A.B. asks: 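Structure provided below as structure tokens; questions to follow.
Below, chains carry the letters A, B, ... as their sequence lines are ordered, and counting in each starts from 1. Here the structure is a predicted model, which means the values were calculated and not measured.
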There are 2 protein chains.
Amino acid sequence: MNDKNAAKPQQNHSITAIDEFDRRILARYQHDTRHIAQRIGEEVGLSAAAVQRRLKRMRESGIIERETATLDAHTLGYPVTCLVGIDLLEERNEQIKAFKQAMLKQAQVQQCYYVTGEYDFILTVVCRDLQDYERFTQEAIMTEPNVRSFTTWVVMDKVKVGTALPLAPDQTPPR
Amino acid sequence: MNDKNAAKPQQNHSITAIDEFDRRILARYQHDTRHIAQRIGEEVGLSAAAVQRRLKRMRESGIIERETATLDAHTLGYPVTCLVGIDLLEERNEQIKAFKQAMLKQAQVQQCYYVTGEYDFILTVVCRDLQDYERFTQEAIMTEPNVRSFTTWVVMDKVKVGTALPLAPDQTPPR
DNA sequence: TGTGAAAAGGCTACACG
DNA sequence: CGTGTAGCCTTTTCACA
């Protein structure tokens, strides 16, 4: 049992049961996966083994989707981040699907949302400089036959990043 | 009572030196922090100990900023994600700073970018439903005295999430 | 679920190239 | 100077109550 990169054909939404302990575990673990089970256990009032069991179960059930490291984009050569709003010519299923596939293949595209409203897609793109961004738009965006227009917002400050969910319905003290 | 992660007295942003081994380690580790050092070592041609040392060094130097878990927002009660473009009335330093602080306090705000162009800020917000989003806008956005207007894009599909950087897999001649 | 033992992985000291 | 090896320590996992 190794990589299960295969598509998940089903999502056990209804079967997945989360209790208050799980929430309190996740509230800590999502911020720092190196936060060890023993300490989480002390904080939530459970043994380390119980915390491990719950983490394992939540990984298998898909509640924990992945565990990743956030790197310093600046030091690694990508000091510039741009958000891009894209308007397509035709919003037919084929076209949408094709554009999604194209974005998945672009390594510089960090995020890609298919949205309602003024634009069809909104991207987050990292680049080495603005010249690199221009090259990206020419090679990845403007070559897409279905793009009507796009708008760029250059990020001046990443005020908040990450995806920590609000899991704190309460800070009920144990005991 | 062991050595805790003491505060980092210095951050060598500019002096940090990364070689090809580090890049190849990060290329794997950033996608999956449970990818153990021994296997990384086999893949990049280093011993497990060397991989550990390099990971530790990169944590301390700040190249690895944090290690987090991405959770299933849908199952955890936040099935709706909205992107929000915000236009401020005054772009003075005080106002900008105040708005940033306000967004940092909002747990539902996953991401917040201060950008150039058509908007001043672009947010990613998770919510329980559209009614919850409306409440959010009323309580978190419209109460901010400096907001001129805002636009909402509702996410229909998270085509791509996460922040994995393009780390030249094997071919990065010093350029 | 908690407990305690076994297994696995991470961390460090030391010698080598 | 960084690596590999070996050994220790921590963390996770498993069997059982």
A.B. asks: Reckon A:Ala37 touches a base, only the sugar-phosphate, or nothing at all at heavy-atom distances under 4.0 Å?
C.D. replies: sugar-phosphate
A.B. asks: Contact class for B:Ala49 vs. all strands (heavy atom < 4.0 Å): base, sugar-phosphate, or nothing?
C.D. replies: base
A.B. asks: Not counting sequence neighbours, which residues clear side chain to side chain contact (heavy atoms under 4.5 Å, CB included) with B:Asp87? List them please.
C.D. replies: B:Asp120, B:Arg148, B:Ser149
A.B. asks: For B:Phe21 and for B:Arg34, locate the closest nucleotide of DNA chain D by heavy-atom distance; then report the residue assigned to the nucleotide nearer the 5' terminus.
C.D. replies: B:Phe21
A.B. asks: Atom CD of B:Glu60 to atom P of C:dC11: distance rounded to whole Å?
C.D. replies: 10 Å
A.B. asks: Is the side chain of A:Arg28 donor-acceptor paired with the backbone N or O of A:Arg24 at a distance under 3.5 Å, no angle test?
C.D. replies: yes
A.B. asks: Does a sphere of radius 6.0 Å around CD in A:Gln138 hold more than 12 heavy atoms from other residues, nucleotides or ligands, not counting ones at 6.0 Å or beyond?
C.D. replies: yes
A.B. asks: Please report the shortest heavy-atom distance between A:Thr68 and B:His31, naming the atom on each side.
C.D. replies: CG2-O, 3.4 Å
A.B. asks: Among C:dG2, D:dG4, C:dC11, which nucleotide has an atom closest to any side-chain atom of B:Gln52?
C.D. replies: C:dC11
A.B. asks: Return yes if a side-chain donor-acceptor contact under 3.5 Å exists between A:Gln95 and A:Glu91, otherwise no.
C.D. replies: no
A.B. asks: For a salt bridge (charged side-chain N to carboxylate O under 4.0 Å, His left out) check, start with the C-alpha distance between B:Asp19 and B:Arg54, then their side-chain angles and the critical distance, and finish with the verdict.
C.D. replies: CA-CA 10 Å; B:Asp19 65 9; B:Arg54 285 165 178 268; 2.9 Å; yes
A.B. asks: Find the distance B:Ile40:CD1 to C:dC11:P and express it as a whole number of Å.
C.D. replies: 12 Å
A.B. asks: Whole angstroms only, please: what is the NE2-P distance between A:His35 and C:dG10?
C.D. replies: 19 Å
A.B. asks: Between B:Gln110 and A:Ala164 (side chain of the first, backbone of the second, donor and acceptor by atom type, cut-off under 3.5 Å), is there such a pair?
C.D. replies: yes
A.B. asks: Rounded to whole angstroms, how far apart are CZ on A:Arg59 and C1' on D:dT12?
C.D. replies: 10 Å
A.B. asks: In whole Å, I'd like the distance from the CD atom of A:Glu42 to the P atom of D:dT10.
C.D. replies: 14 Å
A.B. asks: Using atom CG of A:Leu55 as one end and atom C1' of D:dT11 as the other, report the distance to the nearest whole Å.
C.D. replies: 12 Å
A.B. asks: For A:Arg54 and D:dT13, give me the distance from atom CZ to atom C1', rounded to whole Å.
C.D. replies: 17 Å
A.B. asks: What is the bend of the helix from C:dT1-D:dA17 to C:dG17-D:dC1 when you compare the axis at one end with the axis at the other, using five pairs each and rounding to 10°?
C.D. replies: 30°
A.B. asks: Assign each of A:Arg53 and A:Gln38 to its nearest nucleotide of DNA chain D by heavy atoms, then name whichever residue's nucleotide is nearer the 5' end.
C.D. replies: A:Gln38
A.B. asks: C:dG9 P sits how many Å from B:Ile36 CD1, rounded?
C.D. replies: 4 Å
